[in-house]
Number of protein chains: 2
Amino acid sequence: MVSSKDVAIQAGVSQATVSRVLNHPDRVQAKTRDKVQAAIETLKYVPNAHARSLVQDKTKLITLLSGPLYNPFFVETTSAIVNYANKKGYQVNVQFVQDDELALAYATAIQTKVAGMILSCVFLEDAIFEQLTHMSIPFITYNRKHARNEYFVEIDNKQAGYLAAQHLQRLGHKRIAFIGGSQKVSTFHDRFIGVKQALGTLLPELVIHNTADKEEVAKAYAQLMQLPTPPTAIVCGADSIALAVMDVAYKAQVKIPEELSIIGIDNVEDSRHGAIQLTTVGSISERNLGLVAIQELIKMIENEKKPCIQITESVKVFSRSTTQRC
Amino acid sequence: MVSSKDVAIQAGVSQATVSRVLNHPDRVQAKTRDKVQAAIETLKYVPNAHARSLVQDKTKLITLLSGPLYNPFFVETTSAIVNYANKKGYQVNVQFVQDDELALAYATAIQTKVAGMILSCVFLEDAIFEQLTHMSIPFITYNRKHARNEYFVEIDNKQAGYLAAQHLQRLGHKRIAFIGGSQKVSTFHDRFIGVKQALGTLLPELVIHNTADKEEVAKAYAQLMQLPTPPTAIVCGADSIALAVMDVAYKAQVKIPEELSIIGIDNVEDSRHGAIQLTTVGSISERNLGLVAIQELIKMIENEKKPCIQITESVKVFSRSTTQRC
DNA sequence: GCCTAAAATGTATACGTATTCATTTTATGG
DNA sequence: CCATAAAATGAATACGTATACATTTTAGGC
């Protein structure tokens with residue numbers, strides 16, 4: 001490994017000067033600057049980011065703890081986050097964490113001294129909040145939020161659930177089912193509250209929580225459809241769930257929306273596809289939540305101050321082709 | 001920031017002992033080990049990965065240079081790569097790089113002393129190869145490969161192109177178009193060669209290269225369909241392109257496959273979706289290319305030896321519902 | 001040409017860890 | 001109980017960089 005010391009020798013200057021050429025080019029004469037640059041080229045020197053961040057006690061590194069990519073929502077947010085951070089000169093350490101491995105993910109993530117952390121996967125009650133605060137690491141959550149109600153970017157989940165259920169109700173549906181994820185996370189928790197607000201009481205047999213991946217959605221779907229009187233419409237707690245439901249429904253030759261109406265929440269890119277045309281609820285501004293979050297995080301990092309961030313985007317129904325009058 | 005020195009003081013031992021507790025617990029008495037562990041808990045000490053990698057001259061860090069996530073192929077590979085690497089104790093630095101920003105991506109990626117590098121985005125002729133070799137950084141490419149023909153994992157792209165075109169030909173199609181990406185990358189280059197082998201000469205008006213994102217695909221599609229005699233079938237150089245074509249076709253009320261047959265290459269997960277059912281060409285084993293690549297890379301990193309890796313997976317047609325007899 | 005201020009460069013040090021080598025403590029066997 | 005080997009611990013150092021401080025060089029004004 002070629003170090004700044006090697007460059008210094010090659011250029012006939014001190015190591016400090018090499019460092020200055022890199023960080024404060026204006027503080028060094030043009031002549032010596034050229035000598036050093038030449039030496040850098042010759043030796044193909046590249047500065048060691050670890051040493052740099054060790055001495056400066058800061059890094060250009062951000063850790064992203066995202067949900068799994070089989071959910072297109074996280075595809076879009078991950079993409080936006082990584083690209084924006086890179087543009088701003090930050091490297092991004094990515095992990096796709098399943099809820100049950102969260103603790104491990106935190107542990108490893110914290111070892112790398114990071115400039116900041118951006119996470120989607122937080123439980124309502126989660127110890128990570130204290131830990132990050134204690135280490136004074138700037139952080140922000142997107143999609144989900146913590147019970148402490150600080151530093152988050154989300155859509156109005158209650159309203160989203162409400163509008164989704166209301167949409168089906170207004171189309172005349174009476175037997176409306178709900179398929180969602182864990183109630184331990186704010187997203188599904190709040191969305192379900194919204195659904196209940198719109199519908200009043202839901203029959204327990206028509207409510208399925210804790211589905212995560214495609215297989216579990218398929219199981220949930222099967223369970224609903226083999227009921228004596230199956231639902232005529234389903235509110236899916238997320239577009240990823242809706243897409244999975246559509247998949248199994250199509251494969252079971254069930255016509256959508258003729259035989260079954262489906263509505264999602266998130267308004268992901270995929271839902272707009274000509275072959276999908278999923279009716280869904282999403283933010284009015286159509287801003288990418290990940291992008292909003294990373295922008296806020298970088299502001300926090302670079303301004304060193306932490307005004308409490310609480311962003312909740314208003315939502316509306318995007319009516320497409322997977323719902324129709326009952 | 002609390003350091004191992006602080007822990008040492010708290011526990012009444014030397015810093016060296018703290019380090020030993022962390023790295024060679026067997027080399028320290030149970031009693032002192034407990035004292036140190038207690039101190040670690042009390043102070044919430046977490047070791048600094050930068051200092052560690054500085055002194056050891058190695059890291060548990062891998063850089064991934066992936067293609068953009070609007071291509072579902074990269075969604076699947078990124079997911080597999082990151083998850084496997086994490087399981088093996090590596091952090092993954094991710095960048096989604098457009099071909100035109102490749103140089104910048106390399107530059108920043110190299111600064112972080114990494115254990116290895118895994119990249120999809122390489123040009124056939126690309127200086128990165130020499131640079132990585134010079135820095136003796138283990139690396140591997142997936143999807144694309146370099147002209148040097150070393151350290152890659154791919155599918156048999158020529159064969160894939162050949163089979164895709166042949167499939168349409170056997171269905172009786174005469175006017176077959178091709179939409180692909182840059183010919184500077186091995187993937188599209190080879191796939192197009194295969195197409196030509198199967199079809200003999202293609203009319204120049206039916207060949208469109210250099211499409212990257214959705215918009216460009218839409219333009220390409222429009223260009224083809226407003227020809228005096230439009231094609232009856234399209235070979236898409238990648239499933240992502242095929243999906244984009246389907247999107248615009250559906251929105252233009254063009255029936256697939258009745259009015260237009262479409263075949264892709266990659267066999268991504270999305271292509272199996274009930275609402276999509278894209279006919280495509282993909283590896284027989286259906287192994288995730290990214291997974292294969294990361295497994296090989298980690299082997300290289302941990303065995304320190306570098307047998308040349310050249311993996312080309314055989315392919316076949318997955319016939320679904322976007323192609324039919326002309 | 002000399003004095004002074006300013007600019008440029010060099011020297012020394014710190015960051016937090018792992019490890020080599022030296023030293024101390026413990027265990028073993030007679 | 002002592003001699004010796006082995007085990008455990010401590011002291012010192014290196015990794016590559018940035019920077020505060022010291023020193024040298026340059027420029028400016030007379």
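Just so we're on the same page: letters track the sequence lines, and every chain starts at 1.
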Discussion item. On DNA chain D, does the nearest nucleotide to A/Lys5 precede the nearest nucleotide to B/Asp26 from the 5' side, or the other way round? Give the residue.
Written reply: B/Asp26

Fill in: Short side-chain N/O contact to C/dG10 OP1/OP2 from A/Thr17, under 4.0 Å
yes

Response to the item:
With the side chain defined as heavy atoms from C-beta on, A/Pro47 is closest, among C/dG16, D/dT17, C/dT9, to D/dT17

Item to complete: Using the six-membered ring wherever Trp is involved, compare the ring planes of B/His146 and B/Phe129 and label them parallel, tilted or perpendicular (cut-offs 30° and 60°).
Response: parallel

Practice prompt. To the nearest Å, give me how far apart CZ (B/Arg33) and P (D/dA8) are.
Written response: 9 Å

Fill in: A/Val92 vs B/Val94 side-chain heavy atoms within contact, under 4.5 Å
no

Item to complete: Could you check whether B/Val55 gets within reach of a base, just the sugar-phosphate, or nothing at all, counting any heavy atom under 4.0 Å?
Response: base

Worksheet item: Relative to the 5' end of DNA chain C, which residue comes earlier, A/Ala30 or A/Gln15, by the nucleotide with the nearest heavy atom?
Response: A/Ala30

Discussion item. Is there a side-chain contact between B/Thr32 and the phosphate of D/dT9, meaning an N or O under 4.0 Å from OP1 or OP2?
Written reply: yes

Worksheet item: If you look at every strand shown and take non-hydrogen atoms under 4.0 Å, does B/Ser19 touch a base, only sugar-phosphate, or nothing?
Response: base

Discussion item. Would the distance check show the side chain of B/Ser136 and the main-chain N or O of B/Thr133 forming a donor-acceptor pair, the cut-off being under 3.5 Å?
Written reply: no

Worksheet item: Is the phosphate of C/dT19, meaning OP1 or OP2, less than 4.0 Å from a side-chain N or O of B/His24?
Response: yes

Worksheet item: Okay, side chain of A/Arg33, backbone of A/Pro25: is any donor-acceptor separation there less than 3.5 Å?
Response: yes

Discussion item. Between P on C/dG16 and NE2 on A/His50, what's the gap in Å once rounded to a whole number?
Written reply: 16 Å

Worksheet item: Using a cut-off of 4.0 Å on non-hydrogen atoms, how would the nucleic acid contact of A/Asn48 be classed: base, sugar-phosphate, or nothing?
Response: sugar-phosphate

Item to complete: Please check if the side chain of B/Thr59 supplies one atom and the backbone of B/Ala115 the other of a donor-acceptor pair under 3.5 Å.
Response: yes

Worksheet item: Atom CG of B/Asp6 to atom P of C/dC15: distance rounded to whole Å?
Response: 10 Å

Discussion item. Nearest to the side chain of A/Gln56, heavy atoms from C-beta on, is which of D/dA18, D/dG16, C/dT17?
Written reply: D/dA18

Worksheet item: When the nearest nucleotide of DNA chain C is assigned to B/Arg52 and to A/Gln29 on a heavy-atom basis, which residue is associated with the more 5' position?
Response: A/Gln29

Discussion item. Can you see if the side chain of B/Asn23 gets near the phosphate of C/dA18 - specifically, an N or O under 4.0 Å from OP1 or OP2?
Written reply: yes

Response to the item:
Checking D/dT19, C/dT11, C/dT19 against the side chain of A/Ser14 (C-beta onward), the nearest is C/dT11

Worksheet item: Tell me, do A/Phe96 and B/Thr78 make a side-chain contact under 4.5 Å, heavy atoms counted?
Response: yes

Worksheet, complete the sentence: Rounded to whole Å, NZ of B/Lys35 lies from C1' of D/dA8 at a distance of 12 Å

Practice prompt. Write down the distance between CE (A/Met1) and C1' (D/dC15), rounded to a whole number of angstrom.
Written response: 11 Å

Discussion item. Side chain of B/Val13 only, heavy atoms from C-beta on: which candidate in D/dG10, C/dT9, C/dT17 is closest?
Written reply: D/dG10

Practice prompt. Check the distance between D/dT19's C1' and A/Lys58's NZ and give it to me in whole angstrom.
Written response: 13 Å

Worksheet item: C/dG16 P sits how many Å from B/Ile9 CD1, rounded?
Response: 12 Å

Worksheet entry | Given DNA chain D, 5'-ward residue of the pair B/Arg20 and A/Val46, judged by closest heavy atom | B/Arg20

Worksheet item: Could you give the CG-to-C1' distance, from A/Leu22 to D/dT19, as a whole number of Å?
Response: 14 Å

Practice prompt. Check whether any side-chain nitrogen or oxygen of A/Ser4 sits under 4.0 Å from OP1 or OP2 of D/dG16, and answer yes or no.
Written response: no

